[in-house]
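Structure record follows, encoded as structure tokens.
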Amino acid sequence: MEEQQLQQFVKRVSRDAALREELKSHPADVIVREGFSPRLTRVVMQLVPHLTLTQDFALDCSWWRC
């Protein structure tokens with residue numbers, strides 16, 4: 001369940017510049033709104049620097065099993 005939730009969140013962040021900017025500016029607000037568990041919150045907080053890159057990037061889903 002958490003793995004799927006994380007996969008879907010990463011996909012949304014990679015495709016939505018506004019969400020990416022909000023995550024960069026206010027990560028705690030995004031995490032609360034998404035309703036992540038404490039364990040998933042720790043994972044997402046570690047990913048924030050990687051998910052909020054300022055350059056556009058193409059999502060390679062091969063390792064996410066898209």
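Nothing fancy with the numbering, it's 1 onward along the sequence.
A heavy-atom distance below 4.5 Å is found between the side chains of Phe9 and Val30. Between Arg33 and Glu22 the shortest side-chain heavy-atom distance falls below 4.5 Å.
With sequence neighbours excluded, no residue forms a side chain to side chain donor-acceptor pair (under 3.5 Å) with Arg42. Residues meeting the salt bridge (Lys or Arg N to Asp or Glu O under 4.0 Å) test with Glu21, sequence neighbours left out: none.
Applying the 6.0 Å contact sphere to CZ of Arg39 captures no more than 12 heavy atoms from other residues, nucleotides or ligands.
Annotation: the span from Leu23 atom CG to Glu34 atom CD amounts to 9.0 Å, rounded to 0.5 Å. To the nearest 0.5 Å, atoms CE (Met1) and CG (Leu6) are separated by 12.5 Å.
With Val13 as reference, Leu51 is the one residue of Leu51, Leu47, Val44, Val48 to meet the side chain to side chain contact (heavy atoms under 4.5 Å, CB included) rule.
Arg20 places no side-chain N or O within 3.5 Å of a backbone atom of Thr52 that could act as its donor or acceptor partner.
Each of Val32 and Val43 belongs to its own hydrophobic cluster when Ile, Leu, Val, Met, Phe, Trp and Tyr are linked at side-chain heavy-atom distances under 4.5 angstrom.
Of all the heavy atoms in Gln5 and Gly35, the pair that sits closest is NE2-O, 4.1 Å.
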